[in-house]
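Since the structure is predicted, the reported quantities are computational estimates derived from the model, not experimental observations.
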Amino acid sequence: MEQKKPNVFKRIFAIRGMGQVITVGCGLIVLCFVFSMINPNFSGPRNIANLLRQIAPYLIVGIGQSFVLITGNIDLSIGSVLGMSCMMSATLMCNGFNPIVAALITMLACLVTGIINGMLVAGCKLPPFIATLGTMTIARGIAQLVNNNMNTNSIGDFAAQFRDFFYYGKIAGVYNTFWVAVVLWLVFNFILSQTRTGRHLYAAGSNVEAAKLSGVNIKLTTVKAYTVSSFCAGMVGLIQCATTGTGTMDAGMSYEMYAVAASVIGGVSTLGGQGILLGTVIGACVWGVLNNGLQFAGAPVALRNIVIGIIVILSVLSDVVARSGRFSFKRRKQSV
């Protein structure tokens with residue numbers, strides 16, 4: 001007798017983390033509806049285009065942080081690496097470097113930072129909080145040193161194509177910043193969901209010892225996760241440089257918070273081993289819509305920060321409670 005295949009809805013909900021993605025997605029729809037009712041301009045085509053451009057950096061850093069969180073670690077250096085990227089690229093361009101060369105040198109520096117983070121955590125066994133706190137401070141110091149502790153001048157008209165590619169240009173009426181985020185999401189989602197590297201990331205976050213016994217190289221896997229995180233932060237640094245047309249030493253402040261928020265709101269577990277990048281998209285959208293919608297509603301910045309902070313805490317708390325409940329249930333079941 002043939003077994004009945006589960007229907008499409010059961011198959012969707014069986015995907016790890018999909019339940020929270022759907023729940024948060026429904027919440028996102030409600031948020032959009034509420035803000036549209038408060039101020040009809042929120043759902044206007046001009047604001048939608050700007051909103052997509054605002055969401056893109058949150059999504060990109062969220063992708064990087066998701067890779068690290070899935071391994072059971074965290075990256076606090078994202079904001080400072082972003083600032084270093086912004087300052088380095090702008091300084092190089094102000095000194096006559098071709099924008100492409102400046103971007104490549106900058107991204108190389110960011111990748112080196114990610115490798116160092118991974119080696120400190122996996123190789124030297126430093127707690128990720130301490131290791132990335134240290135590199136966060138170092139990267140911010142580099143951002144301040146590259147132009148003698150000053151913001152740069154304008155990167156100039158010769159960098160117009162650089163600015164168009166990362167900020168002003170449009171394809172199909174949507175800003176290029178959004179399309180950059182889409183391409184990066186497609187690439188990294190494929191890596192996470194369809195490759196051996198992705199399986200190793202989940203294995204390392206679920207159970208390190210079991211992963212080792214299965215042949216997973218924990219050091220290499222951790223280095224890969226942190227390298228992706230720094231790469232994403234570096235890309236947003238280039239976007240910030242293109243946005244302002246200058247290098248600013250305080251670029252990227254609080255972006256580590258934005259990255260964590262986009263990840264955990266979308267269902268990526270802070271305890272490791274769980275989450276999908278589709279959830280990071282939803283989380284970044286929730287973050288962007290809240291910022292944009294509360295602004296349209298006339299809420300002061302302080303209130304916006306409080307509301308978003310509460311949502312982040314509740315997201316992490318719900319994950320911890322759910323995971324703890326699951327583990328305790330398993331223990332009770334085994335003891336019977």
Side-chain angles (χ1 to χ4, degrees), residues 56-92 102-124 126-146 166 180-181 183-185 187-189 191-192 197-198 200-201 204-205 218-241 247 249 251-260 262-263 268 277 280 284:
Y58 303 149
L59 172 57
I60 295 171
V61 294
I63 290 169
Q65 189 70 271
S66 295
F67 266 66
V68 176
L69 289 175
I70 286 170
T71 65
N73 297 302
I74 192 168
D75 188 358
L76 299 181
S77 69
I78 283 176
S80 293
V81 173
L82 191 163
M84 180 180 73
S85 170
C86 180
M87 279 298 297
M88 283 188 68
S89 57
T91 301
L92 289 169
L104 290 175
I105 293 173
T106 298
M107 292 306 297
L108 179 61
C110 294
L111 292 175
V112 169
T113 305
I115 293 170
I116 292 172
N117 278 335
M119 292 303 298
L120 289 174
V121 173
C124 300
L126 290 181
F129 182 89
I130 300 300
T132 58
L133 187 65
T135 53
M136 175 186 78
T137 308
I138 293 169
R140 186 62 65 182
I142 294 173
Q144 294 164 343
L145 280 176
V146 291
F166 281 108
V180 171
V183 170
L184 290 177
W185 183 85
V187 170
F188 289 118
N189 184 64
I191 292 172
L192 191 61
T197 295
H200 288 181
L201 289 167
I218 299 298
K219 290 182 182 179
L220 181 60
T221 300
T222 305
V223 168
K224 286 179 180 178
Y226 276 106
T227 303
V228 169
S229 181
S230 290
F231 173 85
C232 290
M235 289 297 294
V236 178
L238 296 180
I239 291 172
Q240 289 283 338
C241 178
M249 292 182 294
M253 289 291 187
S254 299
Y255 261 76
E256 52 279 335
M257 173 65 172
Y258 301 161
V260 170
S263 300
V268 178
L277 287 191
T280 305

Nearest atoms (heavy-atom pairs only) where Met87 meets Met249: SD-N, 3.7 Å
Summary of side-chain hydrogen bond (donor to acceptor under 3.5 Å, both in side chains) pairs that have at least one residue in residues 67-76, sequence neighbours excluded: Thr71-Asn73, Asp75-Ser77, Asp75-Ser229
Approximate separation, where rounding is to 0.5 Å, of Cys232 SG and Gln65 CD: 10.5 Å
ring-ring contact (aromatic ring centres under 6.0 Å, His included) partners of Tyr258, counting only residues at least two apart: Tyr58, Tyr255, Trp287
Shortest non-hydrogen separation from Ser263 to Gly62 and the atoms involved: OG-O, 3.1 Å
Side chain to side chain contact (heavy atoms under 4.5 Å, CB included) partners for Ile138, two or more places apart: Ile142
Point-to-point distance, once rounded to the nearest 0.5 Å, from OG1 of Thr91 to CD1 of Ile105: 11.5 Å
Residue list, side chain to side chain donor-acceptor pair (under 3.5 Å) with Ser85, at least two apart or on another chain: none
Test item: Arg140 and Met253 side chains (from C-beta on) under 4.5 Å apart, heavy atoms: yes
Only distances under 3.5 Å count here; give the side-chain donor-acceptor pairs of residues 106-113 to other protein atoms, sequence neighbours excluded, each with its distance to 0.1 Å.
unit_1: Thr106; atom_1: OG1; unit_2: Ser89; atom_2: N; d: 3.3
unit_1: Thr106; atom_1: OG1; unit_2: Ala102; atom_2: O; d: 2.8
unit_1: Thr113; atom_1: OG1; unit_2: Ala109; atom_2: O; d: 3.0

Side chain to side chain donor-acceptor pair (under 3.5 Å) partners for Thr227, two or more places apart: none
Residues that Thr137 engages under side chain to side chain donor-acceptor pair (under 3.5 Å), provided they are two or more places apart: none
Distance-minimising heavy-atom pair for Ala122 and Ile218: CB-O, 4.3 Å
Counterpart residues, side chain to side chain contact (heavy atoms under 4.5 Å, CB included), relative to Leu145 (two or more places apart): none
Side-chain (Glu256) to main-chain (Ile78) donor-acceptor, under 3.5 angstrom: no
Reported OG-to-CG distance for the pair Ser66 and Leu201, which is rounded to 0.5 angstrom: 11.0 Å
Listed partners of Phe67 passing ring-ring contact (aromatic ring centres under 6.0 Å, His included), at least two apart: Phe188
Distance-minimising heavy-atom pair for Ala181 and Ala56: CB-CB, 3.8 Å
Closest non-hydrogen atom pair between Ile74 and Pro128, with its separation: O-CB, 3.7 Å
Gln240 side, atom CD; Leu82 side, atom CG - distance, nearest 0.5 Å: 5.5 Å
Results of side chain to side chain contact (heavy atoms under 4.5 Å, CB included) for Ala103 - residues two or more places apart only: Leu238
CE/Met257: more than 12 non-hydrogen atoms of other groups inside 6.0 Å: yes
Distance, nearest 0.5 Å, that separates CG of Leu76 from CD1 of Ile130: 9.0 Å
Reported CG-to-CD1 distance for the pair Leu277 and Ile70, which is rounded to 0.5 angstrom: 6.0 Å
Ile239 side chain reached by Ile60 side chain, heavy atoms, under 4.5 Å: yes
Beyond-backbone contact of Tyr226 with Thr132, side-chain heavy atoms, under 4.5 angstrom: yes
